[in-house]
Trainee: 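Structure incoming, see below.
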Amino acid sequence: MLYKTLKPFPQNFLWGGSTSAYQFEGAWDEDGKSPSIVDMYCHPEDVADFKVASDHYHHYKEDVRLFAELGLKAYRFSIAWTRIIPDGIGDVNQQGLDFYHNLIDELKRYDIEPIVTLYHFDLPYKLDKQGGWSERSTIDAFVRYTEVLFQNFGKKVKYWLTINEQNTMILHPGAIGVPENGKLPDKKTLYQQNHHMFIAQAKAMQLCHTLCPNAKIGPALNITSMYAETCRPEDAIAAHNWETIRCWSFLDTAILGRYNALFLSYLQDRGLCPTILAEDLVVLKNAQPDFIAMNYYSTATIAASKGNASDISARAGDQQIMLGEQGVYRAAENPFVDKTAYGWVIDPIGLRLTLRKVYERYNLPILITENGIGAPDKLNADNTVNDDYRINFISQHITQMQLAITDGVELIGYCPWSVIDVVSTHQGYGKRYGFIYVNRGEFDLKDMKRIKKKSYFWYQKLIKANGQLD
Ligand code: BG6
């Protein structure tokens, strides 16, 4: 749709930036923190692990100062469960609480709204050893952990996100590491874990509303739109199959409090249905999210399954590269879009489409909690980083956001991934996303100096102009 006039970004729009604890903090075993699964799992040997990351734990004041100078209105970060309750269920670690109190106070000093993710991939390793999300007891452990957070930070934090990208953890479990025995859980186990996460999330949302009546909470999923490769009806069905399994099934359960019918049929037919207790259905129904947090990177193009093993792509999949599934869908190419150096489709218009679909389906405010371009940024001899590709990527997405707002979507904020360089989930430190360069190599930690990239100055201007740059 073309418009004569575009609606402006709302005055209180949350221009922000994102990180997650394990990819940013480092200090993996300091001040009482215990290891999480990402500390202990196996990762590709040629890339950095998460033990030091960007050493934010020791640089948080400097980092927040840089965020403030950038003009951020909001900062989305996650809390590490392993800092707060090191063994997952037992004693609370005061030093962990202190770190996040200090961080939040520092943000507030500069009027930056903290947006807190309760859980971003980093399950306590001790809980994993006891069965992790396969066990119902992990639901109770999670709820207790969130209770500690709501009690301690509830007066300071207005925006909470439940579980980051549950769909990535279930559909692409290898993206966040592989257990020591080299074996990822089978699909049946993964869908049981998925169900337990749904219940844990629903309980956390309810608890948040009880303990922090002024706060808002919502799920944070990796959402995208699927295009059919051709106008063949079979391709349209395949695209709808995969869009439902990958996106709507997760959002429907989180927002509408019930399993999606197509998803349930898919699970039942393949013997993948989890054990669902009668009381679970009540818990799901009673959770009332206030908004939807959405991570958007790419769209995907889908063709009908050929019904044999050729449906599964030969290239390695990850959270944005579709793999294919026999009898469900096949990944296809889109000749109308570019790709990043890491093979992720670049599709700003797809963001507008996805925002429209999500809003139309759920009618809740939307907060974009991730969007960005990973690139092997180069630090020049004069200490500059000319990341014009990042400026292009983000500005094109912001243009589409404004169109979506004009379409009628209630978009409340934008937190690109990542405000500063962090370690990628499975592609190390060379794959950078930030507006701020951190001077470390893959293995050589150098001096960790923070250096403003070209995109930093551009984003600063954009925020000042409330998104309206010529
Ligand atoms: C999202 C995750 O899937 O994508 C982040 O929530 C992640 O944790 C981001 O870092 C970018 O992915 P990657 O694999 O390039 O680090």
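Both counts, for ligands and for their atoms, begin at 1 and track the order of listing. Worth knowing before you read on, the calculation uses all heavy atoms, side chains too, and leaves out hydrogens, waters and symmetry mates.
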Trainee: Cation-pi between K73 and W15: NZ/CZ under 6.0 Å from ring centre and within 45° of the ring axis?
Mentor: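 No, K73 does not lie over the aromatic ring of W15.
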Trainee: Quick one: which ligand 1 atoms are inside 4.0 Å of a heavy atom on K431?
Mentor: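 Atoms satisfying the 4.0 Å criterion: 13 (P), 14 (O), 15 (O).
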Trainee: Please confirm whether the ring centroid of F393 lies under 6.0 Å from the ring centroid of H397.
Mentor: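 Ring centres of H397 and F393 closer than 6.0 Å.
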Trainee: Which heavy atom of the protein is the closest neighbour of atom 9 (C) of ligand 1, given with residue, atom name and distance?
Mentor: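 Here the closest protein heavy atom is Y297 OH, 3.3 Å.
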Trainee: Compute the minimum heavy-atom distance from H120 to ligand 1 and say whether it is under 4.0 Å.
Mentor: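 In this structure, H120 qualifies as a contact of ligand 1 - some heavy atom is under 4.0 Å.
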Trainee: Is ligand 1 under 4.0 Å from a heavy atom in the side chain of Y433, in the backbone, in both, or in neither?
Mentor: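 Contact part for Y433 vs ligand 1: side chain (C-beta onward).
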Trainee: Under 3.5 Å, is there a donor-acceptor pair between the side chain of S249 and the main chain of N260?
Mentor: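 Not a single qualifying donor-acceptor pair exists.
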Trainee: Who's closest to atom 12 (O) of ligand 1 heavy-atom-wise, of Q319, E370, R432?
Mentor: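 Selected option, by shortest heavy-atom distance: Q319.
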Trainee: Can you pull out the closest protein heavy atom to atom 3 (O) of ligand 1? Residue, atom name and distance to 0.1 Å, please.
Mentor: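 Heavy-atom neighbour on the protein nearest atom 3 (O) of ligand 1: E165 OE1, 2.6 Å.
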Trainee: Could you check, using the six-membered ring where one of them is a Trp, whether W133 and F142 have ring centers closer than 6.0 angstrom?
Mentor: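 Between F142 and W133, which both carry aromatic rings, the centre distance is below 6.0 Å.
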Trainee: Indicate, as side chain, backbone, both or neither, the part of V422 found under 4.0 angstrom from ligand 1 when only non-hydrogen atoms are considered.
Mentor: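 Neither part.
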Trainee: Looking only at the aromatic ring of each residue, does the gap between the centers of F67 and Y110 stay below 6.0 angstrom?
Mentor: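 Here the rings of F67 and Y110 have centres that are no less than 6.0 Å from each other.
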Trainee: Please confirm whether W344 comes under 4.0 Å of ligand 1, counting heavy atoms of the residue only.
Mentor: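 It does, in that a heavy atom of W344 comes within the 4.0 Å cut-off of ligand 1.
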Trainee: With a cut-off of 4.0 Å, which atoms of ligand 1 are near a heavy atom of S424?
Mentor: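 Listed by number with element, the hits are 13 (P), 14 (O), 15 (O), 16 (O).
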Trainee: Is there a polar contact, in the sense of an N or O pair closer than 3.5 Å, between S20 and ligand 1?
Mentor: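 No, no N or O pair falls under 3.5 Å.
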Trainee: Within the 4.0 Å heavy-atom shell around N164, which atoms of ligand 1 are there?
Mentor: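 Checking each atom against N164, I get 6 (O).
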Trainee: Under 6.0 Å between the ring centres of W417 and Y297?
Mentor: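 Centroid distance W417-Y297: not below 6.0 Å, so no.
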Trainee: More than 12 foreign heavy atoms under 6.0 Å from NZ of K431: is that the case here?
Mentor: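 Yes, NZ of K431 has more than 12 neighbouring heavy atoms, counting only those of other groups under 6.0 Å.
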Trainee: Should you measure from each heavy atom of H426, which atoms of ligand 1 turn up under 4.0 Å away?
Mentor: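 Listed by number with element, the hits are 14 (O).
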Trainee: Kindly determine whether E25 and K33 satisfy salt bridge (Lys or Arg N to Asp or Glu O under 4.0 Å), including the steps that lead there.
Mentor: CA-CA 12 Å; E25 287 175 5; K33 180 183 177 299; over 6 Å; no
Trainee: For Q23, is at least one N or O under 3.5 Å away from an N or O on ligand 1?
Mentor: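 Yes.
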Trainee: How far is atom 14 (O) of ligand 1 from its nearest protein heavy atom, and which residue and atom name does that atom have?
Mentor: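 I find the closest protein heavy atom is T425 OG1, 2.4 Å.
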Trainee: Working to the nearest 0.5 Å, report the span between CG of L411 and CD1 of I292.
Mentor: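 One finds 11.5 Å between CG of L411 and CD1 of I292.
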